[in-house]
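Throughout, residue positions are numbered sequentially from 1 according to the sequence presented. Side-chain atoms are counted along with the backbone in the values below, which use heavy atoms only and exclude waters and symmetry mates.
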Amino acid sequence: TAAAAAPLPEEDCMKLNPSFLGIALSSLLAIDLWASKRLGVCAGEGSAWGSVRPLMKVIEVSGHGIPWLLGTFYGLCQSSSAAAREVLLNLLFALLLDLVLVAVVKGIVKRRRPTHNKMDMFVTISVDKYSFPSGHATRAALVCRFILHHLVLAVPLRILVVLWALIVGISRVMLGRHNVTDVLFGLLLGYMLYSVVEYCWLSPFSAPALFALW
């Protein structure tokens with residue numbers, strides 16, 4: 001009886017009494033998966049909003065890295081203004097940095113895409129089988145801040161740029177590509193990444209070799 005009354009080892013107590021943080025994270029994950037599945041209304045042609053799926057896929061392409069990289073590189077080659085070349089070169093730098101950072105995080109976290117996702121995405125690479133974070137959301141937030149800071153736009157156009165970034169993020173969940181937390185973290189990461197780009201801003205003084213190429 002004395003042996004039965006002996007206290008449990010500390011490690012056994014921890015197993016029987018999971019931490020509050022562990023319970024909270026498990027609950028958050030369950031809510032995330034539930035909400036993501038409920039909101040994936042365009043995940044397939046037979047989904048609740050299956051008819052809207054083609055439009056969502058157009059929005060998906062608008063936030064893809066390849067069109068942005070090719071468009072920025074083309075503009076950089078065609079630009080005759082030194083100021084425009086500086087802005088475009090830094091946008092190219094931002095896009096490349098975004099691709100590398102998202103790929104690294106995806107490779108570390110290795111969270112699988114939602115089970116209801118239909119793997120018919122436009123031009124994917126190996127890490128695109130992973131879900132966290134959403135590269136489209138990261139890129140949308142990054143490009144949005146970049147455009148708002150470096151282009152002179154009328155108020156309606158500035159609102160459209162912000163709406164575009166939000167719609168790109170929402171479309172990732174609606175298409176079933178990502179969970180809600182993938183998109184939220186992606187938007188936050190892209191927003192913060194712009195600050196890194198500003199801190200490392202490339203100019204004829206800080207990177208003369210790069211500007212000599214153009």
Side-chain angles (χ1 to χ4, degrees), residues 56-108 121-128 130-172 175 177-178 182-214:
M56 291 294 105
K57 294 191 71 174
V58 171
I59 296 173
E60 177 177 63
V61 174
S62 77
H64 197 281
I66 290 181
W68 277 101
L69 284 170
L70 292 179
T72 303
F73 185 75
Y74 177 79
L76 188 57
C77 293
Q78 295 296 316
S79 178
S80 58
S81 164
R85 283 198 299 272
E86 182 175 337
V87 171
L88 287 170
L89 185 60
N90 280 278
L91 177 56
L92 185 62
F93 166 65
L95 293 170
L96 292 173
L97 184 62
D98 167 68
L99 285 176
V100 172
L101 181 60
V102 169
V104 169
V105 176
K106 282 187 174 184
I108 293 173
M121 294 176 287
F122 171 73
V123 188
T124 59
I125 57 176
S126 60
V127 292
D128 281 333
Y130 299 125
S131 180
F132 185 90
S134 165
H136 279 69
T138 304
R139 189 174 305 109
L142 171 64
V143 170
C144 177
R145 278 196 79 186
F146 195 100
I147 290 176
L148 293 181
H149 279 77
H150 295 286
L151 290 184
V152 179
L153 300 174
V155 172
L157 290 178
R158 295 175 70 86
I159 294 174
L160 283 177
V161 171
V162 175
L163 286 177
W164 167 78
L166 294 176
I167 291 172
V168 167
I170 293 171
S171 72
R172 309 312 290 153
L175 282 169
R177 308 296 197 203
H178 292 279
D182 302 334
V183 172
L184 292 178
F185 184 84
L187 291 172
L188 178 62
L189 183 61
Y191 186 88
M192 295 170 59
L193 188 57
Y194 173 78
S195 299
V196 176
V197 174
E198 280 290 298
Y199 181 79
C200 303
W201 187 263
L202 304 175
S203 70
F205 302 102
S206 62
L210 280 176
F211 285 88
L213 296 174
W214 311 101

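- Panel note: side chain Thr138, backbone Gly186; a donor-acceptor pair is recorded below 3.5 Å.
- Checking side-chain atoms of Arg139 against main-chain N and O of Gly63 turns up a donor-acceptor pair under 3.5 Å.
- Nearest heavy atoms, Leu95 versus Leu142: N-CD2, 4.5 Å.
- Distance alone, capped at 3.5 Å, is enough to place a donor-acceptor pair between the Asn90 side chain and the Leu202 backbone.
- In this structure, the separation between NE2 on His64 and NE2 on His136 is 5.5 Å, given to the nearest 0.5 Å.
- The structure places CZ of Arg177 at 11.5 Å from OG of Ser131, a figure rounded to the nearest 0.5 Å.
- Summarising the geometry of Met56 relative to Ser171, their closest heavy-atom pair is SD-CB, 3.7 Å, with the distance given to 0.1 Å.
- Counting only distance, with no hydrogens or angles, the side chain of Trp68 and the backbone of Leu91 share no donor-acceptor pair below 3.5 Å.
- Contact between Val105 and Pro133 at its shortest, heavy atoms only, is CG1-CD, 3.5 Å.
- Using a 4.5 Å cut-off on side-chain heavy atoms (C-beta onward), Leu184 and Leu188 make no contact.
- Taking both residues in full, the closest heavy atoms of Ala141 and Leu187 are given as CB-O, 3.3 Å, listed atom of the first, atom of the second, then distance.
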| task | Would you please test His150 and Trp201 for ring pair (Phe, Tyr, Trp, His ring centres under 6.0 Å) and show each step? | result | CA-CA 12 Å; His150 295 286; Trp201 187 263; 4.6 Å; yes
| task | Report the C-alpha separation of Val196 and Leu101 in whole Å, then their side-chain angles, then the decisive distance to 0.1 Å, and conclude whether the side-chain contact (heavy atoms from CB on, under 4.5 Å) test is met. | result | CA-CA 12 Å; Val196 176; Leu101 181 60; over 6 Å; no
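- Atoms OH and CD1, on Tyr194 and Ile147 in that order, are 11.0 Å from each other to the nearest 0.5 Å.
- Side-chain contact between Phe93 and Cys200: present, with at least one pair of heavy atoms (C-beta onward) separated by less than 4.5 Å.
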| query | Run the side-chain contact (heavy atoms from CB on, under 4.5 Å) check on Leu76 and Thr72 step by step: do they pass? | reply | CA-CA 6 Å; Leu76 188 57; Thr72 303; 5.5 Å; no
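- Nearest approach of Arg158 to Leu151, heavy atoms of both residues: NH1-O, 4.1 Å.
- The distance from atom CG of Leu189 to atom CG of Asp182, rounded to the nearest 0.5 Å, is 12.0 Å.
- Taking both residues in full, the closest heavy atoms of Arg145 and Tyr191 are given as NH1-O, 2.6 Å, listed atom of the first, atom of the second, then distance.
- Separation of atoms CG (Leu97) and CG (Leu92) is listed at 11.0 Å; rounding is to 0.5 Å.
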| Derivation of the side-chain contact (heavy atoms from CB on, under 4.5 Å) call for Leu69 and Leu99 | CA-CA 10 Å; Leu69 284 170; Leu99 285 176; 3.4 Å; yes
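- When side chains are defined from C-beta on, Val161 does not count as touching Leu157, because their heavy atoms never get closer than 4.5 Å.
- In terms of modelled atom types and a separation under 3.5 Å, the side chain of Ser79 and the main chain of Gly75 share no donor-acceptor contact.
- If you take CZ on Phe73 and CG on Leu89, they are separated by 10.5 Å, rounding to the nearest 0.5 Å.
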| Full working for ring pair (Phe, Tyr, Trp, His ring centres under 6.0 Å) between Phe132 and His178 | CA-CA 8 Å; Phe132 185 90; His178 292 279; 9.3 Å; no
